[in-house]
Amino acid sequence: MPSALDQRPAPAAAGPRPALPRRRTRVLALPEARWALAALVLFLIALPLHLLGAPGWLWGTLFAATYVAGGWEPGWEGLKALKDKTLDVDLLMVVAALGAAAIGQVLDGALLIVIFATSGALEAIATARTADSVRGLLDLAPSTATRLLPDGTEESVDAAQLTVGDTILVRPGERVGADGQVLDGAGEVDQATITGEPLPVAKQSGDEVFAGTVNGTGALRVRVERDPADSVIARIVKMVEEASGTKAPTQLFIEKIEQRYSIGMVIATLAVFAIPLAFGDELRSALLRAMTFMIVASPCAVVLSTMPPLLSAIANAGRHGVLVKSAVVMERLGQIDAVAFDKTGTLTEGTPRITDIRPLPGSDLAEDEVLALAASAEHPSEHPLARAVVDAARERALVLADAGDFTSVPGQDVTATIAGHTVRVGSPARLLPADADPAHQKVVRELEDAGRTAVAVLRDGAPVGVLGIADRLRPDAAATVAALTRLTGRTPVLLTGDNERAARHLAAEVGITDVRAGLLPQDKVTAVREWQEQGRTVLVVGDGVNDAPALAAAHSGIAMGRAGSDLALETADAVVVRDELATLPTVVNLSRTARRLVVQNLAIAGVFITALVAWDLIGTLPLPLGVAGHEGSTVIVGLNGLRLLREAAWTNPAKDTA
């Protein structure tokens, strides 16, 4: 009896692909996070008490606790670095904060402590999450496998104990236990974690399979060809760890000069104190001049020159669905001059959809009738292409007949009895004979030449239609590629594990000419490193486990967030949370604007510091005036950086291009 499709439950297997297991370090398990949170809470309690005129002992005690909670760790690390004859800016910031407190600027010093403690906590969290995701990747490979013994019996063994030459059995729904070659059997394996291909790949005798991929249908007997420690999934783990560890350390501009500035400031402060004292100046006068010098020369304004523009840019990007993980990342994004895209799930939506319905001559069927016939036969199937057919029928509110005598041959076709007719849906190469009607063959060629997967529909042995299925291109992909081309001066490159024909067809649609198809994860890393050796600053955009090594190796990596794997999300420097591809050129443009404001702020801070230091050395700069000038410059650069919080700062080059 017919039933409305939207009242019929979907098969259990029609859900999303298995996600990467999550192994999360709790944020408060990190000492940096606990101390930063404590400092922030104490500061937020003390601030209103200070502003409302509460007793000094009350807010003073709270501010002192803020200094201890947020400053002891960077101070201790700074002292240890000092023991190794290294003077870092963290220690200098703690000293500057204490100096500010010594002359009554307790609030300013506490704010500086909170900023530095929070920055250190964010860095610790990012590092821990990346380590979590790399460890979680190991769970993709199953812990056990079914090994076949020479006498035909089965035994369950630890997958790590498999050796080259062993034969394993992989049943439907199981993960492949090791890299190997299919000896016999047929199945369709979802290997998106390795190659990024949007559809399961038919496997039969002689084909290669990878550890951690999922066998969807049909049982496979596989001979192990690689030691588990050398499997593709294990090499992905190794590549991510190596790339993350060897990526050249990128620092904010001020951090690049912190050693020289810190040492120079300390030496100059001592000189300002000692030289006048040696020429007969009074101790109090020399000490006051040196204290004033230390305050006006301290790097507070310089530090705030850098952080507010970058933090404001991060906040603006986050408001528009792009999570940039740190100020360093925001600075780096503006330096890129080459972009590499993954295909499936990045330029495309990652889900196969019906794009064409072609009734064949002589069938006397309309498009909806062909689709309803195919969907009725495919409805019991768990294959992603079957789900695409059924979803298309659901969108058109078609009513399907119940399927009887359903059978499925992996990688070939499904057969079912529909209203008394035998209906077959599957590969044209399998269902349409070589001497088929030329008009039928022409329809298949047209779809395949357009980058579609063609699916033939037969009723009682007679071809009645052909469906075209493809992974749909994101609507903003072409405009995004054009905008990034204009920003970087180079057309982006496509790096994909998908087949050459599908990759080139999609690339032509979005305006990409350089296509690298059929790549494994290590091939993507090789391509990125080749460009880096040529002096390019590369941004990689991807979403899958197979993209993670390239994301880690690149100067900057951005992951698509909605369907992205945990490893890609944690390895990437930024995440497009809402999956809006057009935000990519916008965030690159925002980063470049932030970098320009940083330069402006450094110039402003430099002018103020130079003028105040000169006044203190040449004349007599009153301490209150020195503090006012120093704080004034800090306020100016801070407000200048906050300009990037405005909505007008989020300009979309992709829309301009479109």
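Basis for what follows: all heavy atoms, side chains included, without hydrogens, waters or symmetry-related copies.
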Within-4.5 Å side-chain heavy-atom neighbours: Val370 and Leu467: yes
Candidate pair Val176 and Phe210, rule side chain to side chain contact (heavy atoms under 4.5 Å, CB included), full reasoning: CA-CA 7 Å; Val176 179; Phe210 304 108; over 6 Å; no
Non-hydrogen side-chain atoms of Leu149 and Glu154 separated by less than 4.5 Å: no
NE2 on His379 to CZ on Arg394, rounded to 0.5 Å: 6.5 Å
Side chain Asp460, main chain Thr422, donor-acceptor under 3.5 Å: yes
Closest contact, heavy atoms only, Val540 versus Ala554: CG2-CB, 3.6 Å
His440 vs Val466 side-chain heavy atoms within contact, under 4.5 Å: no
Shortest non-hydrogen separation from Ala517 to Ala503 and the atoms involved: CB-CB, 4.0 Å
Considering all heavy atoms, the nearest Ser376-Leu400 contact: OG-CB, 3.4 Å
Derivation of the side-chain hydrogen bond (donor to acceptor under 3.5 Å, both in side chains) call for Asp166 and Thr163: CA-CA 6 Å; Asp166 284 347; Thr163 59; 3.3 Å; yes
Distance-minimising heavy-atom pair for Ala388 and Ile354: O-CG1, 3.6 Å
Value rounded to 0.5 Å, distance of OG1 in Thr537 from CD in Gln532: 8.5 Å
Between CG on residue Leu584 and CG on residue Leu539, distance to nearest 0.5 Å: 7.0 Å
Check against side chain to side chain contact (heavy atoms under 4.5 Å, CB included), Leu347 and Leu581: CA-CA 8 Å; Leu347 289 175; Leu581 200 63; 3.8 Å; yes
Val538 to Val528 - nearest heavy-atom pair and separation: CG2-O, 4.3 Å
Worked check of side chain to side chain contact (heavy atoms under 4.5 Å, CB included) between Ile512 and Val493: CA-CA 6 Å; Ile512 292 178; Val493 180; 5.6 Å; no
Rounded distance (nearest 0.5 Å) linking atom CZ of Arg504 with atom OG1 of Thr513: 9.0 Å
Side-chain donor or acceptor of Asn215 paired with backbone N/O of Val170 under 3.5 Å: yes
Heavy-atom donor-acceptor pair, Thr346 side chain to Phe341 backbone, under 3.5 Å: no
Side-chain donor or acceptor of Lys343 paired with backbone N/O of Gly497 under 3.5 Å: no
Asp184 (side chain) donor-acceptor with Ser205 (main chain) under 3.5 angstrom: no
Non-hydrogen side-chain atoms of Gln204 and Asp207 separated by less than 4.5 Å: yes
From CA spacing to verdict: salt bridge (Lys or Arg N to Asp or Glu O under 4.0 Å), Asp523, Arg516: CA-CA 9 Å; Asp523 301 322; Arg516 318 283 178 90; over 6 Å; no
Rounded distance (nearest 0.5 Å) linking atom CG of Leu365 with atom CG of Leu371: 11.5 Å
Separation of Asp151 CG from Thr153 OG1 (nearest 0.5 Å): 3.5 Å
Minimum side-chain heavy-atom gap Leu360-Val464 below 4.5 Å: no
Nearest heavy-atom neighbours spanning Ile357 and Pro359: O-CD, 3.4 Å
Side chain to side chain contact (heavy atoms under 4.5 Å, CB included) between Asp356 and Glu446, worked out: CA-CA 11 Å; Asp356 303 86; Glu446 287 176 352; over 6 Å; no
Arg474 (side chain) donor-acceptor with Gly345 (main chain) under 3.5 angstrom: yes
Salt bridge (Lys or Arg N to Asp or Glu O under 4.0 Å) evaluation trace for Arg353 with Asp391: CA-CA 8 Å; Arg353 297 177 183 273; Asp391 287 345; over 6 Å; no
Heavy-atom check, side chain of Glu369 versus side chain of Leu373, under 4.5 Å: no
Arg221 side chain vs Thr167 backbone, donor-acceptor pair below 3.5 Å: no
Lys524 vs Asp342 side-chain heavy atoms within contact, under 4.5 Å: yes
Test item: Gln441 side-chain N/O and Leu432 main-chain N/O as donor-acceptor pair under 3.5 Å: no
Any Val389 side-chain heavy atom under 4.5 Å of Val425 side chain: no
Main-chain N/O of Gly468 paired with Thr355 side-chain donor or acceptor, under 3.5 Å: yes
